[in-house]
Student: 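One structure is given below, represented as C-alpha cells, and several questions about it will come after.
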2 protein chains.
Amino acid sequence: MGVTERRAREKEELHDRILKAASALFAEDGYASVSLRKIAERIEYAPSTIYLYFKDKDEIVTSICRQNFLLLTEALDSILVRDLPPLEMLRACLRSYIQFGLDYPDHYVVTLCLPEPAPRSDRDVHDNLSVLDVGLSAFNRLAGGLLGCMQAGVIRKADVELTAQTTWMMIHGITSLLVTKSSFPFLDRNRLIEHYLDRVLLSLGAAIVPQDPDEKIL
Amino acid sequence: MGVTERRAREKEELHDRILKAASALFAEDGYASVSLRKIAERIEYAPSTIYLYFKDKDEIVTSICRQNFLLLTEALDSILVRDLPPLEMLRACLRSYIQFGLDYPDHYVVTLCLPEPAPRSDRDVHDNLSVLDVGLSAFNRLAGGLLGCMQAGVIRKADVELTAQTTWMMIHGITSLLVTKSSFPFLDRNRLIEHYLDRVLLSLGAAIVPQDPDEKIL
DNA sequence: TTGATTTTCTGAACAGTGTTCAGTAGGCTG
DNA sequence: CAGCCTACTGAACACTGTTCAGAAAATCAA
C-alpha cells in the first residue's frame with residue numbers, strides 16, 4: 001500500500017510549510033504582522049485550510065517560539081561543554097540568555113513578556129505551561145550551573161529551586177526591558193549588562209566576581 | 001461671554017468621560033476587551049466622536065496608564081515620609097513596586113511589558129518616552145532611596161544612574177513574570193518576593209539584609 | 001471504467017477590530 | 001432670520017481570527 005504513509009507525509013509537509021511561512025513572516029516583519037491570510041497567501045492555500053493543521057493562530061506562534069527556544073538551549077549547551085570554572089560558566093550562561101533575547105526579540109517577547117491567554121479549556125492551561133516549559137528546560141541548564149557553583153563553594157548554598165527561579169526573574173528583568181523598551185535612554189548596553197551580571201552573581205553570594213573583558217555582547 | 005469657557009469645560013468633560021469609561025472597561029474585563037466601540041457605547045456617543053478627543057486608541061490607553069502610575073508614586077511617597085532606616089526604606093519601596101504590579105496587572109503590562117509601538121512620527125517617539133517617564137518618575141524616588149543608602153554607608157557606593165537602572169530592571173523582572181506568567185509553578189509568592197528582595201539588596205552590597213516579617217504582600 | 005466514499009480544500013460569511021471622512025444637526029453670531 | 005462654525009454621526013474601508021456548508025480531488029470497491 002504505502003498510500004496512507006504518503007498521505008501522512010504530505011500532511012506533515014504542509015504542516016511544516018505553514019510553520020515555515022509563518023516563521024519567515026515572523027522574522028521579516030515582526031510578530032504584529034503575522035496574519036493567517038498572509039501565511040495562506042505564501043503557501044498558496046486558502047486561509048481556512050490552515051485550520052485543518054492547527055487549532056488556532058496561537059498554536060502556530062507557540063510552535064514557532066518553542067522551536068526557536070531550542071537555539072537557546074543549544075547555546076547554553078555549547079557553554080557547558082567548555083568546562084569553564086563554575087562561576088565563569090554561570091556568568092557566560094546568563095550572558096547568553098540575554099543575548100538570545102536581543103537576537104530574537106519577537107520570539108522572546110511572545111513567549112515570556114506577553115500575558116498568557118485566558119485559558120478556556122484544560123488543554124489551554126496545559127499549552128501555556130508547555131511553552132514556559134521550553135524556556136524552563138533552557139533554564140534548567142542554568143539551574144545545573146547554579147548547583148555546580150554551590151557544590152564548588154563559590155556561591156552561597158541555598159534552595160536550588162528558589163535560587164533558580166529568582167535568578168531567572170533577574171535575568172528576565174534586563175532582557176525584557178532591553179528588548180521591549182529600546183527607546184528608553186539606557187546607559188551603554190555592555191556596561192549595563194556586565195554591571196548587571198556582577199550584581200546577579202553578587203546576590204548569589206559570589207565573593208569574587210569573575211572578570212572577562214573579552215566576552216562582549218554586540 | 002463665558003460661552004467659550006463653558007464649551008471648553010464641556011469638551012474637557014467628555015474627554016474625561018471617555019477616559020473614565022475606558023478605565024472602567026480596563027478594570028472590569030482587562031486590556032484585551034477595551035475597544036473603541038465599547039467605550040463609545042458606554043458614553044453614548046458614536047465611535048468616531050472619540051477621535052475628536054484623542055488621536056488614537058493608544059493615546060487613551062497611555063493616558064490611563066500614566067494616571068494609574070501616579071498611585072505608585074503616591075505609595076512610594078507614603079513610604080518615604082515614614083522616616084525608616086535607609087535600607088528598610090529601600091526594601092519597602094521595592095516591595096511596594098512589586099505590589100503595584102500585582103494590584104494593577106493590566107496597567108503594568110501595558111506600560112512596561114508590551115513592546116512599544118513602532119514610531120511613525122517624531123511625536124510617537126516622544127510619546128513612548130513620556131510613558132516610561134512616569135514609570136521612571138516613580139523610580140526616581142527609588143533612586144533617591146538608593147542615594148540615601150549610599151550616603152548612609154549601608155550599601156556600596158556606585159554610579160547612581162547605573163545602580164538605579166539595574167535595580168529597576170531587577171525589580172521589573174519579578175514583577176513582570178508574576179503578572180504575566182501566573183500559571184507558572186512559582187514557589188510561594190511571599191517567600192519568593194522576600195528572597196528576591198534579599199538578593200537585590202545583597203547585590204547592592206548591603207552587608208546585613210533587614211528582616212521585617214510583618215510586611216507581607218497578600 | 002464506473003460509481004461510491006472519504007479526505008482535502010475552498011469561498012463566503014460572521015463578528016469583531018482601529019480608523020477615516022463626507023455630510024448633517026444644532027447652537028452662536030452678525 | 002441667514003450664515004457660520006463646531007460637534008457629532010453613519011457608513012464605509014481595510015483589516016483581523018474563525019467557522020462551516022459545499023465543492024473538488026483522490027482513493028477504494030465493483
Side-chain angles (χ1 to χ4, degrees), chain A residues 1-19 21-22 25-26 29-64 110 114 116-121 123-124 127, chain B residues 1-19 21-22 25-26 29-64 110 114 116-121 123-124 127:
Chain A
M1 277 298 143
V3 59
T4 55
E5 282 88 340
R6 198 207 61 214
R7 285 211 150 174
R9 202 175 54 239
E10 281 174 357
K11 212 163 167 64
E12 206 181 299
E13 257 176 42
L14 189 45
H15 182 100
D16 283 3
R17 280 184 60 203
I18 293 170
L19 238 43
L25 283 168
F26 210 90
D29 298 333
Y31 170 64
S33 64
V34 174
S35 79
L36 290 174
R37 280 170 177 86
K38 278 187 195 159
I39 297 171
E41 199 180 9
R42 289 230 171 181
I43 59 172
E44 295 178 297
Y45 278 78
S48 43
T49 304
I50 297 174
Y51 285 87
L52 301 172
Y53 295 83
F54 296 90
K55 90 171 217 288
D56 57 13
K57 185 188 176 180
D58 205 67
E59 193 174 292
I60 299 173
V61 173
T62 295
S63 182
I64 290 172
V110 170
L114 299 186
E116 42 198 21
R120 271 190 292 277
S121 68
R123 254 205 67 181
D124 291 347
D127 287 351
Chain B
M1 276 300 140
V3 58
T4 55
E5 282 89 342
R6 198 206 61 211
R7 288 210 150 168
R9 202 174 55 238
E10 281 175 358
K11 211 162 168 65
E12 206 181 299
E13 258 175 42
L14 189 46
H15 181 100
D16 283 2
R17 282 184 59 203
I18 293 171
L19 237 45
L25 283 168
F26 209 91
D29 299 332
Y31 169 64
S33 65
V34 175
S35 80
L36 290 175
R37 281 169 175 85
K38 278 187 196 161
I39 297 172
E41 200 181 9
R42 289 230 172 182
I43 58 172
E44 294 178 295
Y45 278 77
S48 43
T49 304
I50 296 175
Y51 285 88
L52 302 173
Y53 295 84
F54 296 91
K55 91 172 216 287
D56 60 11
K57 185 188 177 181
D58 205 66
E59 193 176 291
I60 300 174
V61 173
T62 295
S63 181
I64 291 172
V110 170
L114 301 186
E116 42 197 22
R120 271 189 292 276
S121 68
R123 255 204 65 180
D124 290 349
D127 287 353

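Being a predicted model, the structure only gives us computed values, none of them experimental.
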Student: Please tell me if B/Tyr53 has a side-chain N or O lying less than 4.0 Å from either OP1 or OP2 of D/dA7.
Tutor: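 For B/Tyr53, the contact criterion (side-chain N or O under 4.0 Å from OP1 or OP2 of D/dA7) is not met.
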Student: For A/Ala46, check side-chain contact (heavy atoms from CB on, under 4.5 Å) against everything at least two apart and list the hits.
Tutor: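 A/Ser48, A/Thr49.
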Student: Is it true that the NZ or CZ of B/Lys57 lies under 6.0 Å from the centre of B/Phe26's six-membered ring and within 45 degrees of the ring axis?
Tutor: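 Relative to the ring axis of B/Phe26, which defines the angle, B/Lys57 lies outside at least one limit.
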Student: Which heavy atom of A/Ile64 sits nearest to which heavy atom of A/Ala22, and what is that distance?
Tutor: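 Closest approach of A/Ile64 to A/Ala22: CD1-CB, 3.5 Å.
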Student: List in chain and number order the residues that pass side-chain contact (heavy atoms from CB on, under 4.5 Å) with A/Asp16, two or more places apart in sequence or in another chain; answer none if no residue qualifies.
Tutor: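 A/Asp16 satisfies side-chain contact (heavy atoms from CB on, under 4.5 Å) with no residue once adjacent residues are dropped.
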Student: Would you kindly give the CZ-to-P distance between A/Arg17 and C/dC9, to the nearest whole Å?
Tutor: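 Roughly 10 Å, once rounded to whole Å.
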Student: Considering residues at least two apart in sequence or located in another chain, which fulfil the side-chain hydrogen bond (donor to acceptor under 3.5 Å, both in side chains) criterion with A/Arg42?
Tutor: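 Expected list: A/Glu28.
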Student: Using a cut-off of 4.0 Å on non-hydrogen atoms, how would the nucleic acid contact of A/Phe54 be classed: base, sugar-phosphate, or nothing?
Tutor: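 The answer is nothing, as A/Phe54 stays clear of every strand by at least 4.0 Å.
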Student: To the nearest 10°, let me know how far the axis at one end of the helix from C/dT1-D/dA30 to C/dG30-D/dC1 is tilted from the axis at the other, five pairs an end.
Tutor: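 Comparing the first five pairs with the last five, the axes sit 30° apart.
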Student: Only counting residues at least two apart or in another chain, list the ones meeting ring pair (Phe, Tyr, Trp, His ring centres under 6.0 Å) with A/Tyr45.
Tutor: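 Not a single residue meets the ring pair (Phe, Tyr, Trp, His ring centres under 6.0 Å) criterion with A/Tyr45.
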Student: Sequence neighbours left out, what passes side-chain contact (heavy atoms from CB on, under 4.5 Å) with A/Ser35? Give chain and number order.
Tutor: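 Partners of A/Ser35 by the side-chain contact (heavy atoms from CB on, under 4.5 Å) criterion, ordered by chain and then number, come out as A/Arg37, A/Lys38.
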Student: Considering residues at least two apart in sequence or located in another chain, which fulfil the ring pair (Phe, Tyr, Trp, His ring centres under 6.0 Å) criterion with A/Tyr53?
Tutor: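 In terms of ring pair (Phe, Tyr, Trp, His ring centres under 6.0 Å), with neighbours along the sequence ignored, A/Tyr53 is linked to no residue.
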Student: If a protein heavy atom is under 4.0 Å from the base, mark B; if only from the sugar-phosphate, S; if neither, -; do that for nucleotides 16-21 of chain D going 5' to 3'.
Tutor: BBBBB-
Student: Name all residues meeting the salt bridge (charged side-chain N to carboxylate O under 4.0 Å, His left out) criterion together with A/Glu59; count only those two or more places apart in sequence or in a different chain, and write none if there are none.
Tutor: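 In terms of salt bridge (charged side-chain N to carboxylate O under 4.0 Å, His left out), with neighbours along the sequence ignored, A/Glu59 is linked to A/Arg123.
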Student: Whole-Å distance between C/dT19 C1' and B/Glu59 CD?
Tutor: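 These atoms are roughly 14 Å apart.
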Student: In whole angstrom, what separates A/Ile18's CD1 from C/dT8's C1'?
Tutor: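 It is 12 Å, rounded to the nearest whole Å.
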Student: Expressed as a whole number of angstroms, how long is the span from A/Glu41:CD to C/dC9:C1'?
Tutor: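 Going from A/Glu41 (CD) to C/dC9 (C1'), I get 18 Å.
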Student: Counting heavy atoms from C-beta on, name the nucleotide in D/dA7, C/dC9, D/dT9 closest to the side chain of B/Tyr45.
Tutor: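 My answer, after comparing the listed nucleotides, is D/dT9.
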Student: Base, sugar-phosphate, or nothing: which does B/Leu14 touch, judged by heavy atoms less than 4.0 Å apart?
Tutor: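 Counting heavy atoms under 4.0 Å across all strands, the contact made by B/Leu14 is with sugar-phosphate only.
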Student: Rounded to whole angstrom units, what separation is found between the CD1 atom of A/Ile50 and the P atom of C/dG11?
Tutor: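 Those two atoms, CD1 and P, are 13 Å apart.
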Student: Can you tell me how far P of D/dG10 sits from CG of B/Leu52, to the nearest Å?
Tutor: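 Roughly 14 Å, once rounded to whole Å.
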